[in-house]
**Student:** 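Right, I'll just put the structure down here and ask away after.
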Amino acid sequence: MSKFENVSVAKQANVYFDGKCVSYSLELSDGTRKSVGVIQPATLTFGTAAPEVMELIEGECAVTFAGADEAVVYRAGESFSVPGDSSFEIEVRETMHYVCHYG
């Protein structure tokens, strides 16, 4: 899917880590929540409240999940899942465009 239909978009951007991660919150007509954003090259740690699926649209990253010893590399066209009430460290190697699917 290259675009979302019937979407409400928050006007205010979500800016994290001094601007290294910028996203916009979306709500689809069925109530589904997502965010669309960009992460600049950096190593960042994110916490999750709800389960998330990160879909990489462009770029590459290495992800170390909470409790894991080794990172897993993901590239454009791939996705990874993170459980709720967890965290992950992401090393973005080249600017990464993503869609985060919540729930």
**Student:** Same cluster or not: V38 versus V92, using hydrophobic residues (I, L, V, M, F, W, Y) connected whenever any side-chain heavy atoms lie under 4.5 Å apart?
**Tutor:** no
**Student:** Do V63 and M96 sit in the same hydrophobic cluster, where Ile, Leu, Val, Met, Phe, Trp and Tyr count as joined when their side-chain heavy atoms come under 4.5 Å apart?
**Tutor:** yes
**Student:** With a 4.5 Å cut-off on side-chain heavy atoms, are C61 and Y98 touching?
**Tutor:** no
**Student:** Are T95 and P41 close enough that some pair of their side-chain heavy atoms sits under 4.5 Å apart?
**Tutor:**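 Counting from C-beta outward, T95 and P41 do come under 4.5 Å.
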**Student:** Any chance you could measure E55, atom CD, to K34, atom NZ, to the nearest 0.5 Å?
**Tutor:**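 Those atoms lie 8.0 Å apart.
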**Student:** Treat each ILVMFWY residue as a node, draw an edge where side-chain heavy atoms are under 4.5 Å apart, and state whether F65 and M54 are in one component.
**Tutor:** yes
**Student:** Quick one: do F46 and V22 end up in the same hydrophobic cluster if we chain Ile, Leu, Val, Met, Phe, Trp and Tyr together by side-chain heavy atoms under 4.5 Å apart?
**Tutor:** no
**Student:** Nearest 0.5 Å please: distance from the CZ atom of F17 over to the OG1 atom of T43.
**Tutor:** 10.5 Å
**Student:** In residues 66-91, what donor-acceptor pairs under 3.5 Å come from side-chain atoms, sequence neighbours left out?
**Tutor:**
residue	atom	partner	partner atom	Å
R75	NE	E60	OE1	3.4
E78	OE1	R75	N	2.8

**Student:** How long is the span from the CD atom in E52 to the NE2 atom in H101, to the nearest 0.5 Å?
**Tutor:** 11.0 Å
**Student:** If hydrophobic clusters are built by linking Ile, Leu, Val, Met, Phe, Trp and Tyr wherever their side-chain heavy atoms come under 4.5 Å apart, do Y24 and V99 end up in the same one?
**Tutor:**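 Yes, one cluster joins them.
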**Student:** Give a yes or no on this: more than 12 heavy atoms of other residues, nucleotides or ligands lie within 6.0 Å of atom CZ of R93.
**Tutor:**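 Yes, the 6.0 Å shell around CZ holds more than 12 heavy atoms from other groups.
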